[in-house]
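Below is one structure, written out as structure tokens; the observations come after it.
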Amino acid sequence: MEMEIDGASDSKPLETGDDKPKLVVVILIGAPGSGKSTFCEQVMASSSRPWSRVCQDIINNGKAGTKQQCVKSVMGSLSEGKSVFVDRCNMDREQRAEFVKLGGPQVEVHGVVLDFPANVCISRSVKRTGHEGNLQGGKAAAVVNRMMQKKELPKLSEGFSRIVFCHDDSDVQAAIKAYSSLGPSDTLRMGCFGQKHADAKIQLGIMKFLKKVEPSSEILGSNMDTAQESVCLANDEYKETNLNKELPQCSVGEDVGFTLAFPSISTADFQFDNEKAADIIVEKVEEFMSKLGNNRLVLVDLSYRSKILSLVRTKVASRNIDSKKFFTFVGDITKLYSAGGLYCNVIANAANWRLKPGGGGVNSAIFSAAGPALEYATKERAKSLQPGRAVAVPLPSDSPLFKRERVSHVIHVLGPNMNPQRPNCLNNDYGKGSKILREAYTALFECFVSIARNQEQSPVKISEALIAGSSTGPRRILNTDQKTKTDGDCASETSKKSKGSEDEMKGKDNVSCSYGQKVKQEGSISKHWGAWAQALYNIAMNPQSQKDQLLEVSDDVVVVNDLYPKAQRHILVLARYRGLDSLANVNQEHLNLLKTMHDVGLKWVQKFLGDDRSMTFRLGYHSDPSMRQLHLHVISQDFNSSHLKNKKHWNTFTTAFFRDSIDVIEEVRTKGKATVNDDDSKLLSMELRCHRCRSAHPNMPRLKRHINDFQGESQPTKEKQRRLCDLPDVPRLKSIFDYNS
DNA sequence: GTTCTAGAAC
DNA sequence: GTTCTAGAAC
């Protein structure tokens, strides 16, 4: 978010005419493999400003040189009127100091921090060939990790006039864009942008595991210092939320019931007139006052400049509305409790008819904040929604919105659409539109009231389906048995009127009026799982049933010993998300889960290494697993196990069928999904080859004999391995982290 | 995922 | 004869 301010539009010509255009020294800060050279190349390829790149790896006639040579070269370029990229790691303050000193009245010094996790940098460094610094292959990991230990994030107080932190590719692209479009007489805004406060987890994690050091207070300290300096626009927005000071304060002991936070329906992307919408909101709120009991409604919008909020505030004043039961609030609807201190049991979502994530705005924000759990829970309730209707979805307890914000339900509402770019546009017919918007708020408030009522009566039953119907109809609680009736009810005035366009937007999907219907799995992508394939799913959903093999349980994962270990150490980290059967189901929303699973796996690796330092491990997923429920294998590379019996066993762990966890994470981060090839199963019938030396073996017993030659000694030396196996001297760092180096 | 076993490979 | 694989059943 903060990166928006770093966009190209941010560059502006200097306003004073006599000022000579300033030169810029951009100090790149990042480990090998973080993308410094690529950054420079991309900017220089398209910039109208003269740039020079000073790279320590090649400064000495194409070979690596010294820092002093770099300083000299930067000064030379500046005197020629060129702005300069300082392309070296510059990881700590001392390394940067001499370049920062070059700043002055005519020269601005910027920092661009390419702050990627160590594993990403290692992976990139290992893969690349022909790198200028000759830092490819096995050396890379050691160097990256050493650098990471020295890492000291830059602060403005060092003398920078501008620092940009990049944490992912989109941050990098935004920064490249900003510098590419920086013309010879333009300047970029000063300040510190894009710094995350709690991003050190993975890096510290990996350093900790590699070097077995505690996260040093120095590193944490420097993070925090800089965080305080980086008071950015986002924080200004939060300051403005002090406008919420009219928030009714409830005295201790006062019985406040349930709170519904809702966005204005249809006024954003659906372009419904704000004035008309405000009238309808106020009208419907007033109507529901008497039905609310001690529960309350809160209209939420992101910005203190919100037109709809101010319209509603004005209109409410002249109505008979209790300000304790209805008020407006400025804030992010997905962070009302954590960032705004407003506890709301229920939030409404301005949904799309497909009830799917995406589309930007509130819908996108809520689905993304609630995690995949909301998507699955929604699918179980309804497949689509008609304009004017609402459907309540109980949030599973593993949803971050439930855990962090204490939201128990999300009510999806679909309002009328006036935007020709969106399906089912009403072409400015505000007769129809207003009617549908009234129905939408009625449905929403009815849903909320019935949730509140149900929770009061029976907290256990809140997972019952709650679906609000037409404006005048009574609240209905439906289940699948009532499907036929529901379909009948659906043919209400509203649905008849919108039927034509409804059919249009459904296209070939052949979706009948499924409102209120129990969902069937979409498409035929989902794989059939036999009864025997359910074991991991059962453990993930109900870990307490499995006391024997259980190693660890958290909200996100369960760790168990593999029942049939294929090596001396072989454990599984199970995801606890419902509906996440395998890599094929994984998407961008699971990125944090994948990282958590990896971190948990690494933690156990560290423990195992405490018992036997000679072990090596791989962490990864089977491309097409036999058992349902996403599970990360953490497996030692000895493969010394009586359970390892056949070719399939072997090939699932030693061919491309085994997808390294860090590769999967990187793939999901960049492409949004993990690629799963249809013909991956062919890999399982491939010839048997040693995972170390790649030698072929005629059958499993012979292969195992070959493999077990390593196990004769507790710590086979590299020499011994090489002799037995003709081991190449490049460890497979990207997956089997060499924890001993 | 494992177990079982027919029959191929040696 | 024994060893080993691969496919079916669960």
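Note on naming: letters A, B, ... go to the chains in the order of the sequence lines (proteins, then strands), and numbering restarts at 1 for each one. Quick caveat, the model's predicted, so the values are computed rather than measured.
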**OP:** Just call it for A:His631: base, sugar-phosphate, or nothing, with non-hydrogen atoms closer than 4.0 Å on any strand.
**Re:**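 No contact.
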Original post:
Which part of the nucleic acid does A:Lys645 contact within heavy-atom distance under 4.0 Å: base, sugar-phosphate only, or nothing?
Top reply: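 Touches sugar-phosphate only.
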**OP:** Assign the ring pair A:His633 / A:His631 to parallel, tilted or perpendicular, where the plane angle (0 to 90°) is split at 30° and 60°.
**Re:**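 Geometry flag for A:His631 against A:His633: perpendicular rings.
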**OP:** If the plane angle is over 60° it's perpendicular, under 30° parallel, otherwise tilted; pick one for A:His691 and A:Phe639.
**Re:**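 Rings of A:His691 and A:Phe639: perpendicular, as their planes differ by over 60°.
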Original post:
For DNA chain C, which nucleotides open and close the run of contacts to chain A, 5' to 3', at under 4.0 angstrom from a non-hydrogen atom?
Top reply: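 Under 4.0 Å from chain A, the extent on DNA chain C is C:dC4 to C:dC10.
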Subject >> N-O pairing of A:Arg669 and A:Asp168 below 4.0 Å >> reply: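 Salt bridge: no.
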Original post:
Quick one: CG on A:Asn677 to OG1 on A:Thr675, what's the gap to the nearest 0.5 Å?
Top reply: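 Going from CG on A:Asn677 over to OG1 on A:Thr675, the span is 6.0 Å.
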Original post:
Which is it for A:Phe653 and A:His570 under the ring pair (Phe, Tyr, Trp, His ring centres under 6.0 Å) test, yes or no, and what are the steps along the way?
Top reply: CA-CA 11 Å; A:Phe653 290 103; A:His570 184 187; 5.3 Å; yes
